[in-house]
Amino acid sequence: MASDAPLLETATLISREQVAPGFWCLGFRSPRIARAAGSASYVAVDVPGVFSVRLPLGIWTTRDDEFSLLFREWGDRTRRLARLSVGSGVSCIGPLGNHFSIPVKGSTALIAAGGIGIVPFWLLTRELRAAGVNVRAIVGARTKAHLNGVAQLREAGADVTVCTDDGSEGDKAMVLDLVKRVHAANVIYGCGPLGMLRALCAHASENRIQCEISMEETFGCSMGTCWGCVVPVRRGSQQGSGYPPSPRDSRTYDFARVCVDGTVFPASDVLWLEAYA
Amino acid sequence: MASDAPLLETATLISREQVAPGFWCLGFRSPRIARAAGSASYVAVDVPGVFSVRLPLGIWTTRDDEFSLLFREWGDRTRRLARLSVGSGVSCIGPLGNHFSIPVKGSTALIAAGGIGIVPFWLLTRELRAAGVNVRAIVGARTKAHLNGVAQLREAGADVTVCTDDGSEGDKAMVLDLVKRVHAANVIYGCGPLGMLRALCAHASENRIQCEISMEETFGCSMGTCWGCVVPVRRGSQQGSGYPPSPRDSRTYDFARVCVDGTVFPASDVLWLEAYA
Amino acid sequence: MSASNGAPANIDLSVDIGGVTLTNPTIAASGCYNRGAEFGRVVDISAYGAITLKSVTREPRLGNAMPRIALTPAGMLNAIGLEGPGIDYFVAHEAPKLSSVPTVVIASAAGFTVGEFVDVASAIDGLPGVAAIELDVSCPNVDSEGECFAVDPRTTDAVVAAVKRRVKLPVIAKLTPNVADIRPIARAAEEAGADAISLVNSLRAMAIDVERARPTLANGTGGLTGPAIRPVAVYQVWESAQTVRIPIIGMGGIETGRDALELMMAGASAVAIGTANFRDPLVAAHVRDAIAEEARRRGFASVRALTGLANPGFAGKRWPADRRPQRLGVSR
Amino acid sequence: MSASNGAPANIDLSVDIGGVTLTNPTIAASGCYNRGAEFGRVVDISAYGAITLKSVTREPRLGNAMPRIALTPAGMLNAIGLEGPGIDYFVAHEAPKLSSVPTVVIASAAGFTVGEFVDVASAIDGLPGVAAIELDVSCPNVDSEGECFAVDPRTTDAVVAAVKRRVKLPVIAKLTPNVADIRPIARAAEEAGADAISLVNSLRAMAIDVERARPTLANGTGGLTGPAIRPVAVYQVWESAQTVRIPIIGMGGIETGRDALELMMAGASAVAIGTANFRDPLVAAHVRDAIAEEARRRGFASVRALTGLANPGFAGKRWPADRRPQRLGVSR
Ligand SMILES: Cc1cc2nc3c(=O)[nH]c(=O)nc-3n(C[C@H](O)[C@H](O)[C@H](O)COP(=O)(O)OP(=O)(O)OC[C@H]3O[C@@H](n4cnc5c(N)ncnc54)[C@H](O)[C@@H]3O)c2cc1C
Ligand SMILES: Cc1cc2nc3c(=O)[nH]c(=O)nc-3n(C[C@H](O)[C@H](O)[C@H](O)COP(=O)(O)OP(=O)(O)OC[C@H]3O[C@@H](n4cnc5c(N)ncnc54)[C@H](O)[C@@H]3O)c2cc1C
Ligand SMILES: Cc1cc2nc3c(=O)[nH]c(=O)nc-3n(C[C@H](O)[C@H](O)[C@H](O)COP(=O)(O)O)c2cc1C
Ligand SMILES: Cc1cc2nc3c(=O)[nH]c(=O)nc-3n(C[C@H](O)[C@H](O)[C@H](O)COP(=O)(O)O)c2cc1C
Ligand code: FES
Ligand code: FES
């Protein structure tokens with residue numbers, strides 16, 4: 001799950017498409033970042049304009065010197081990013097974060113993606129297919145408009161099943177319902193809302209299936225310096241801080257930084273504390 | 001110098017031209033404001049994006065349902081405004097401010113414009129010409145690139161002489177030097193840097209020529225409520241606050257709000273205090 | 001599902017501030033709206049539940065030299081210096097126009113001594129069209145080396161108690177955020193008999209004009225307002241709401257309905273809007289409608305149920321408005 | 001006219017902070033840069049004249065639950081909660097790596113009692129590669145009802161004086177902006193023997209997640225930083241610079257060279273940059289070059305001439321660095 005040093009590069013916006021109301025796909029020319037990206041890689045984008053900390057966004061697709069971002073218009077930074085005109089230069093740091101691990105040839109991998117959580121899986125599917133791994137994917141969303149990127153995932157070689165909470169596209173089901181029906185998977189990869197990830201981890205642990213999830217938190221620095229993006233992990237796990245236990249808080253877990261220790265964590269290392277409630 | 005109630009209107013950006021490095025001319029469709037504008041009218045523009053107070057900009061030209069703004073890229077708000085894409089809607093309040101007064105038919109008016117201070121004079125020239133007044137104009141700037149709008153002023157009917165501080169265009173002279181050479185003027189109108197306005201007012205007063213200047217200050221509300229944009233005027237002058245004298249500060253002058261009491265003031269009412277130094 | 005004014009129907013928008021009923025919880029902040037006549041040229045100012053007048057001093061004041069305004073990231077600095085005509089002129093020339101204001105009017109009194117506050121507040125008390133008096137205790141206190149009244153519980157108490165003894169109208173104490181701990185100040189205002197508190201006033205701040213190597217404002221220092229300070233306002237309303245039972249008017253950086261809801265959920269019963277008027281003259285209507293919509297979304301009959309919703313220590317819910325505490329006596 | 005690093009040639013960029021010479025006046029702020037290894041992956045961190053380490057406590061600390069970060073207009077909130085390994089682990093595992101940092105290293109000590117400060121500072125004193133110790137006196141003081149040390153001159157004095165008695169390295173007292181008046185606090189730090197002060201730490205603030213009706217940060221309140229607070233930082237540096245003669249490290253919302261010059265002209269001898277690194281990892285180089293360029297534009301041989309340039313009451317100019325005052329004795 002290691003990764004090389006990230007790069008600071010000015011990416012040029014070369015395409016800009018509103019793929020659904022509130023959802024955007026932006027293409028950038030950024031040769032060094034595009035060529036270094038792997039599964040679950042993300043970029044930290046400096047959105048031009050009044051100050052804000054860099055915006056972390058997963059790398060969706062890459063081709064030669066280009067990468068694309070697929071994102072929802074959440075708030076200030078994504079709104080401003082979506083309104084840049086083609087030709088603008090945008091400072092990016094990337095690729096950041098670790099990668100999903102790739103199983104042996106001939107295995108079957110199951111991808112579980114909730115909504116915009118599909119982003120890390122285009123690159124993963126390509127890597128898995130290149131390694132001779134079969135890829136099944138369950139992609140779910142609240143409603144049809146929130147379901148984006150399915151065609152590209154299929155093109156990359158995944159066998160995709162779709163579901164929505166309201167049945168407006170595919171099965172009317174939750175991602176986990178469909179995941180439970182797949183019995184052949186040797187490894188599960190998850191990304192999406194916390195509730196989904198939590199249930200997925202529980203499922204994987206009950207059924208003793210290897211599982212890795214890509215996590216999210218509000219980032220400050222995106223570089224590992226501010227300790228703002230931590231998640232609790234099993235004490236002693238490889239990605240945790242490894243600091244000695246504190247006499248004050250009778251620590252039962254470590255914190256790991258999503259930005260540089262992750263974003264990918266083995267499901268068995270992630271703790272689901274009250275804080276997530 | 002009165003004016004009607006201003007309007008709140010969403011103006012559509014229809015053209016966008018960089019007329020010189022750091023200088024922009026933006027065209028807007030905004031029927032109600034465009035048709036109500038008069039000399040020295042300005043609009044208060046809500047620049048989209050992160051919060052800032054409205055940006056006051058003089059109305060440069062109007063035609064039917066359209067008006068244009070001519071501005072320098074000063075800082076945050078003008079930079080953001082200049083980067084909007086054509087088709088954007090921008091909330092404007094206007095026309096704001098009072099107007100220059102128009103002399104009797106057959107008089108000769110002299111316009112003295114420093115740099116971007118040319119803005120109020122296109123509409124004024126049209127009004128003067130329509131009233132049968134001869135219009136001479138001296139337009140000066142630091143250097144050639146800062147000299148914008150001269151052609152349009154000529155088209156509107158002004159007899160324009162140009163000068164620059166460095167001689168890169170027209171005479172190498174200050175606006176006031178050329179103003180002093182014009183003896184035929186019945187009235188002088190000024191807009192530009194404070195130093196120039198101050199000297200102009202002194203000249204007009206010495207030579208007992210009627211003179212009006214359009215002033216500038218940092219605006220807060222642009223509507224007359226915050227008292228942030230005041231300039232000192234002769235006590236008792238029509239545009240001053242008219243408040244009773246204060247025992248504490250032994251007031252020798254009144255304050256007037258540039259945004260609603262002005263922006264146009266008779267030169268004889270404006271006081272040039274230390275604060276301007 | 002919408003009333004003609006854009007707010008959802010069937011939601012009770014009214015709030016009570018110290019016995020004064022506002023049709024909705026939005027208030028124009030002092031110094032930013034006058035009596036509404038200027039903004040009334042472009043919008044319907046009756047969208048506001050109330051407007052607060054610019055603070056009036058006893059003597060006329062010329063105010064500060066210019067520049068009085070500087071722009072800062074997501075905010076602005078001002079140093080107006082309480083320019084104004086003084087209370088006599090106000091009573092004679094401006095007060096008579098207040099009856100025609102189409103919403104509740106709160107007057108604001110400022111002073112540099114306790115006596116000045118009392119004189120101004122007494123002169124305001126009983127003027128037709130004025131529903132309450134806000135005391136801008138964030139002014140410097142000339143009796144105490146120019147320190148601001150509202151940085152000290154004792155001087156806050158002194159002003160509020162002295163005014164309360166003299167006036168019949170409800171009194172709102174407007175507090176400053178420039179303190180290490182707002183709680184003792186809020187408590188002092190409550191115990192001195194304030195019918196409500198409002199906060200925050202502007203943050204002490206300044207900007208330097210680097211080109212000229214001198215302060216941008218002629219006055220040197222000024223007050224920071226606008227969205228930049230909203231997190232400070234939320235914090236201080238939150239702390240105050242755990243401390244006092246009287247209603248809180250929350251303000252500081254409100255630009256949208258979401259922002260106003262932050263302050264209400266932190267513990268404010270009403271919200272005041274200042275600087276945001278300088279961007280969006282329709283802000284009151286937008287904020288009012290968003291507050292009503294949030295109440296509807298949560299199934300509340302009244303927007304009052306939003307007050308303190310995010311604040312588990314909110315004191316107001318344990319203290320009905322009709323059982324306001326007696327003055328407990330602060331050392332003066 | 002430019003040296004290879006982008007700064008104008010022939011300008012002396014060095015500054016002296018309590019006897020420590022920095023090659024230029026930019027410092028990475030505590031808690032935002034660690035020992036530079038992370039940002040060192042993308043930029044050359046030797047652009048900084050110094051870096052300040054994350055504050056170390058005596059005991060290991062898990063820190064706060066998440067979310068620990070929230071975004072605000074032109075700024076951000078954080079509530080990390082001083083997560084860290086404690087001083088023993090720091091000395092054993094992290095300190096040995098400091099000698100390889102390609103710039104001056106300032107360590108930062110935090111504590112909840114005077115004794116903790118002394119223990120941490122003593123353990124740091126003499127570590128190879130550490131040039132000075134910053135005391136994060138903005139922590140809550142558990143001996144005094146959790147009030148922050150730096151809101152009271154007496155507790156500020158207590159910490160600084162106790163540490164000064166025990167350590168040989170220069171001591172920098174880092175002050176909080178959450179006070180009504182910074183001057184007595186700055187004076188107390190100077191009189192207690194601090195070799196420099198740094199300010200401002202973050203502003204107490206909070207945000208509410210309106211959707212969920214609860215504070216956005218798990219910790220409830222947090223610290224506001226970034227450009228939004230710059231006008232507050234400029235003001236407090238300005239006031240402090242009129243009060244103390246020891247050097248001031250100014251910080252709070254510096255994003256550009258112009259911003260840094262605001263703080264220097266207000267009275268800072270050096271500037272620290274925190275949150276802006278989270279946008280622009282090259283910020284130190286940009287700020288350094290802009291400071292040098294401003295000195296050149298004004299015909300100064302040294303950037304030191306910019307300090308206090310806009311501040312007519314600047315005390316530092318009457319007090320040469322080699323004639324630092326003796327402790328005058330504050331009532332404790
Ligand atoms: C490593 C990483 C990779 C990411 N990749 C992507 C991606 O590829 N595509 C994408 O669309 N997003 C992605 N995100 C999420 C994105 O960075 C955040 O949503 C970010 O907060 C958006 O910034 P903003 O300024 O637009 O909105 P903000 O102002 O930060 O948020 C606006 C509002 O939306 C809410 N909100 C923000 N993010 C979320 C969320 N994730 N879930 C629920 N509510 C939320 C906030 O609470 C707030 O109320 C990623 C995040 C991380 C950490
Ligand atoms: C009624 C009125 C009409 C105006 N009309 C025009 C117009 O038609 N065209 C135009 O270009 N400008 C005009 N201005 C000036 C313009 O509104 C200001 O320059 C404004 O400050 C620019 O905003 P900003 O946010 O881009 O820059 P700011 O962030 O406000 O300023 C950036 C920097 O430039 C400096 N600066 C700003 N304005 C000036 C100035 N006028 N002179 C010298 N230094 C300055 C500031 O000190 C600051 O350092 C007008 C101003 C008023 C009050
Ligand atoms: C230009 C201006 C003038 C102000 N004048 C006063 C005043 O006279 N009295 C007062 O109590 N508050 C005054 N204030 C403070 C506001 O009422 C309000 O408390 C502050 O601006 C914070 O709210 P905001 O961020 O919504 O503007 C003034 C604010 C501004 C911007
Ligand atoms: C994420 C984060 C963590 C911080 N941690 C510390 C700390 O441990 N000790 C300290 O003295 N200051 C800490 N600070 C405060 C900064 O050092 C600095 O004083 C403050 O952020 C203001 O500067 P800025 O606006 O440039 O960020 C922290 C700031 C941030 C943003
Ligand atoms: S975002 Fe700063 S450590 Fe992860
Ligand atoms: S800008 Fe507010 S009164 Fe003129």
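Order of the sequence lines sets the chain letters (A, B, ...), proteins ahead of strands, with each chain counted from 1. Any value given below was found using the heavy atoms of this structure, including those in side chains, with hydrogens, waters and symmetry copies removed.
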- Taking the side chain as every heavy atom from C-beta outward, state whether C:M251 and C:S198 have any pair of such atoms under 4.5 Å apart. yes
- Message: Any carboxylate oxygen within less than 4.0 angstrom of a Lys/Arg side-chain nitrogen, looking at D:R297 and C:E211?
- Response: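 Here D:R297 pairs with C:E211 in a salt bridge, since their nearest N and O are under 4.0 Å apart.
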- Item | Heavy-atom pair with the smallest gap, counting every atom of D:P231 and C:L77 |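 What the structure gives for the nearest pair is CB-CD2, 4.3 Å.
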- Item | Minimal non-hydrogen separation, D:A270 against D:V15, with atom names |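 Where D:A270 meets D:V15 most closely, the heavy atoms are CB-CG2, 4.3 Å.
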- Query: With a 4.5 angstrom heavy-atom cut-off, which part of D:L309 approaches chain C: side chain, backbone, both or neither?
  - Reply: both
- If only atom types and distance count, is the side chain of D:N201 paired as donor or acceptor with the main-chain N or O of D:S138 below 3.5 Å?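 Side chain of D:N201 to backbone of D:S138: no pair is present.
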- Item | Residue, of D:G220, D:A213, D:P215, that accumulates the most heavy atom pairs under 4.5 Å with chain C | D:A213
- Closest-packed option against chain C by number of heavy-atom pairs under 4.5 Å, given D:L261, D:V234, D:V210, D:V232: D:V210
- Query: Which one, C:L306, C:V151, C:V179, leads in non-hydrogen pairs under 4.5 Å with chain D?
  - Reply: C:V179
- Message: For the interface with chain D, which of C:L203, C:L263, C:N178, C:D259 has the highest count of heavy-atom pairs at distances below 4.5 Å?
- Response: C:N178
- So which part of C:L224 gets closer than 4.5 Å to some heavy atom of chain D, the side chain, the backbone, both or neither? side chain
